[in-house]
Number of protein chains: 4
Amino acid sequence: MAKLQKSIEKKNNLVQATIELVNNNGFHATPISKIAKMANVSPATIYLYFESKQDLVNKVYLEVKEAFTAYAFATYTEDMSVVEGFEIIWKRIANFKLKECKQALFLAQCDNTPIIDEASREEGIKHLQPLLDLWERGQDKGIIKPVSNYLLYAYTISPLAFLMLTQQRGQFKIEEKHIEQAYQAAWDSIKL
Amino acid sequence: MAKLQKSIEKKNNLVQATIELVNNNGFHATPISKIAKMANVSPATIYLYFESKQDLVNKVYLEVKEAFTAYAFATYTEDMSVVEGFEIIWKRIANFKLKECKQALFLAQCDNTPIIDEASREEGIKHLQPLLDLWERGQDKGIIKPVSNYLLYAYTISPLAFLMLTQQRGQFKIEEKHIEQAYQAAWDSIKL
Amino acid sequence: MAKLQKSIEKKNNLVQATIELVNNNGFHATPISKIAKMANVSPATIYLYFESKQDLVNKVYLEVKEAFTAYAFATYTEDMSVVEGFEIIWKRIANFKLKECKQALFLAQCDNTPIIDEASREEGIKHLQPLLDLWERGQDKGIIKPVSNYLLYAYTISPLAFLMLTQQRGQFKIEEKHIEQAYQAAWDSIKL
Amino acid sequence: MAKLQKSIEKKNNLVQATIELVNNNGFHATPISKIAKMANVSPATIYLYFESKQDLVNKVYLEVKEAFTAYAFATYTEDMSVVEGFEIIWKRIANFKLKECKQALFLAQCDNTPIIDEASREEGIKHLQPLLDLWERGQDKGIIKPVSNYLLYAYTISPLAFLMLTQQRGQFKIEEKHIEQAYQAAWDSIKL
DNA sequence: CATGAATGAGGTTTCATTCAT
DNA sequence: AATGAATGAAACCTCATTCAT
């Protein structure tokens, strides 16, 4: 029991270290040895928890992706109205992207480069279903434009990644009012 | 004379090879040796054209970024109306992102990871001024929402990168009608 | 425990190999790969013991220099008379230079070329103090010429490096009588 | 004729550049490309004047060695007395070592490391004959100790190389009085 | 379970030399 | 005679991974 706990702690340290280092230096400048050092662990120990460096980054990706979707839908229930539901989900996502910077930044790198297995990438996409269902409801009711989910996602969710990046780079400080403006823009872009 | 010409050709080959390989394998899996091989050149030759691998990728980034902005504003003049001008610029950008996939994909990687020097990144941002001016005109006339440029960019331009990626991954085939829908979404999100 | 011992052995092998190869081929023709081969070690292993090739050669230099001064003063005590003390130190140094050829040869290369860090060079000079003190005593008593330490060193110790080199190159075989002659010359050059 | 002149100038530039760079950086950090740059010449041009890098450094060594011996014996004639002759030769050598620092420094590196061909080294030694003859004369007359030439050289000439090095490194500034002291020490060490 | 030591493979870069002009 | 461009070979060094403990 104690051992298991300890193991979980080490694994978490490894995950955190990976995120931190990939965020700051990029995957190309994140050797296993540095991850081990930051997690206070021997390089060899990493291979007790993960099969390879590729496996490590895949697993970290999936873990973060799951944390993201869990957070996104935590306060949403399917009995909400389309408008209400969209606002709730969108704001949760916005909150995650802009407050959980580290995780969001890590996802941005993984989603825009080939550092993740194709398999892991597909696995990571699966969890968005509630949002897709919501959109379908909205489209059936004539509230949301009858366009592809990809377009809806592109114009409501993906801009948040861009804003997160600009904030991360110190170019743009995002305050409460900007979130409201962003929400309005997102909604305007897909509402009928 | 013949020498100089040959040099330009080799440099172009190197740039193309870099884009191709970074796109397909990621920066972390793109060694100098592979770039050299694809460009039909000795690894040592790369160092006649670029100071280092970092310099190479910086220069490629700037070259592509310049090609992008040149393309974006090629058909725009400042005497156009705000609505007309925005549509023209937006569609040029959309065209570039969705037709010049290789270059767009490369930019997406560079813009979302720390593989580029901070200096080069800042240099690359400079060329968007005409679009920012256009937006200011639109805001002065009460046509465009009075929000930060970053928000305007996030909701009109950045979604195109996302769409390009989905297309590149074979998830979503973008046709003419989607571009029209996307344009509508972009405009709806920022128009007053 | 066994690990630590092994480490010391490997480090010594590396030090010996470096001396051997630099002596025979020169620093410019002593790649890390050859050092590794002679020490029966992978090139990568060298970097577990030393930070860089420069660090390796600096450390070897300091180690040899310390061995040299330790040897030089091993039988000297400050209560000896000036004449007795000088003879004892001088002969120890002569013995070292002419018997521990490898180490002396290595020092000659390091002391006459810029292969050593300035910092390491300064560090290496520090240990001669007892000799300088002895000379000062001799000068106070009117036994030794009142000239700079550099001159005293130049005329008593530095000739031994030259003799070592000639012997090393097979030009001149140094026997006991030559050492006596050399000692006489050294003493004659500085005595009042 | 004009061409030949030009060639000689280029060759001299190459010799000077080699001395300068080997002095400052060491042979191991003196690539052909740097020599070429400092001599305002293409790397390829070097191979019109020398067969290889090794040939270049050999030739430079011999040239400097010849300049040294020519300078050493320029004012000496065999009809001088032993004492007078020795003083004249010694002071010329001292002057060369301490005033023509660059050349002396270069010789020190070549004489203490294996950067020169064995053949070139032997060639370089030949020119000292007049000094050896002088010593023999002195020994025959009972003025100079009956010891090996190597010892005589070690105690009269080789210390000058050490003093030159200390001066070069800024540890010891050699003035006129030190030269007199050094001469006295040299003479004291070998005179009967 | 955990590790420090070790390393083969491969990374980026340099360099002496050649070649086409 | 002179060169800038080109390069194969090799330099230094790093890294993902394994192994003995």
Side-chain angles (χ1 to χ4, degrees), chain A residues 2-4 6-7 10-11 28-37 40-57, chain B residues 1-7 10-11 28-36 40-56, chain C residues 1-7 10-11 28-36 40-56, chain D residues 2-4 6-7 10-11 28-37 40-57:
Chain A
K3 282 198 179 171
L4 189 62
K6 209 178 180 188
S7 292
K10 268 186 192 165
K11 190 172 169 256
H28 72 286
T30 301
I32 285 277
S33 57
K34 272 193 194 170
I35 297 175
K37 205 163 285 171
N40 281 319
V41 147
S42 161
T45 304
I46 293 182
Y47 290 84
L48 299 176
Y49 292 86
F50 303 96
E51 287 171 22
S52 64
K53 192 188 180 190
Q54 184 63 62
D55 182 47
L56 163 63
V57 71
Chain B
M1 198 68 148
K3 277 274 175 67
L4 192 61
Q5 294 243 343
K6 210 177 180 187
S7 290
K10 263 184 196 162
K11 190 177 168 247
H28 72 285
T30 301
I32 284 281
S33 57
K34 274 194 194 169
I35 297 175
N40 279 319
V41 149
S42 162
T45 303
I46 293 181
Y47 292 85
L48 295 179
Y49 293 86
F50 303 96
E51 285 172 22
S52 64
K53 194 188 179 187
Q54 184 64 63
D55 181 48
L56 164 62
Chain C
M1 197 69 145
K3 277 277 176 65
L4 191 61
Q5 295 245 342
K6 211 177 180 188
S7 291
K10 261 182 199 164
K11 190 176 169 249
H28 72 285
T30 301
I32 284 281
S33 58
K34 275 194 194 170
I35 298 174
N40 280 319
V41 149
S42 161
T45 303
I46 294 182
Y47 293 87
L48 295 179
Y49 293 86
F50 303 95
E51 285 172 21
S52 63
K53 193 188 179 187
Q54 184 64 61
D55 181 48
L56 164 62
Chain D
K3 280 197 182 170
L4 188 61
K6 209 178 179 187
S7 293
K10 266 185 192 165
K11 190 172 168 255
H28 72 287
T30 301
I32 284 278
S33 58
K34 272 193 194 170
I35 297 174
K37 205 163 285 172
N40 282 318
V41 147
S42 162
T45 303
I46 293 182
Y47 291 84
L48 298 176
Y49 292 85
F50 304 95
E51 285 171 24
S52 64
K53 192 188 179 188
Q54 185 64 62
D55 182 46
L56 163 63
V57 70

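- Annotation: Q54(A), atom CD; neighbour count of heavy atoms from other residues, nucleotides and ligands within 6.0 Å is above 12.
- Between V41(C) and K34(B), the one whose closest nucleotide on DNA chain E sits nearer the 5' end is V41(C).
- Across the protein-nucleic acid pair, K11(C) atom NZ and dA6(E) atom P stand 14 Å apart, rounded to whole Å.
- With values rounded to the nearest 0.5 angstrom, K11(B) atom NZ is found 15.0 Å from T45(B) atom OG1.
- As a whole-Å value, the separation of N40(B) CG from dA5(F) P is 20 Å.
- Base-pairing analysis of DNA chain E finds the following stems of at least three consecutive Watson-Crick or G-U pairs, with both pairing distances under 3.5 Å: E:2-21 with F:2-21.
- As a whole-Å value, the separation of I35(D) CD1 from dA16(E) P is 8 Å.
- We find the CD1-CD1 distance between I46(A) and I32(A) to be 4.0 Å, quoted to the nearest 0.5 Å.
- Here the shortest heavy-atom pairing between S42(B) and A36(B) reads C-CB, 3.9 Å.
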Listing time: all N or O pairs from protein to nucleotides 15-19 of chain F that are below 3.5 Å?
{"from": "dA16(F)", "atom 1": "OP1", "to": "K53(A)", "atom 2": "NZ", "distance (Å)": "3.0"}
{"from": "dA16(F)", "atom 1": "OP2", "to": "I32(A)", "atom 2": "N", "distance (Å)": "2.6"}
{"from": "dT17(F)", "atom 1": "OP2", "to": "Y47(A)", "atom 2": "OH", "distance (Å)": "2.7"}
{"from": "dT17(F)", "atom 1": "OP2", "to": "K53(A)", "atom 2": "N", "distance (Å)": "2.9"}
{"from": "dT17(F)", "atom 1": "O5'", "to": "Y47(A)", "atom 2": "OH", "distance (Å)": "3.3"}

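- Rounded to a whole Å, the CZ atom of F50(B) is 15 Å from the C1' atom of dA5(F).
- Rounding to whole angstrom units, NZ of residue K10(C) and P of dG4(E) are separated by 16 Å.
- At least one side-chain nitrogen or oxygen of Y49(B) sits closer than 4.0 Å to the OP1 or OP2 atom of dA6(F).
- One finds the CZ atom of F50(C) at 5.0 Å from the CG atom of L56(C) (value rounded to the nearest 0.5 Å).
- T30(A) OG1 to K53(A) NZ: the interatomic distance, rounded to the nearest 0.5 Å, is 6.5 Å.
- Rounded to a whole Å, the CG atom of L48(D) is 13 Å from the P atom of dG4(F).
- For I46(D) and dC15(E), the CD1 to P distance is 13 Å, given to the nearest whole Å.
- Annotation: the span from D55(B) atom CG to Y47(B) atom OH amounts to 10.0 Å, rounded to 0.5 Å.
- Legend: residues meeting side chain to side chain donor-acceptor pair (under 3.5 Å) with N40(C), ordered by chain and number and at least two apart, are absent.
- Contact check, T45(C) against dT7(E): a side-chain N or O comes under 4.0 Å of OP1 or OP2.
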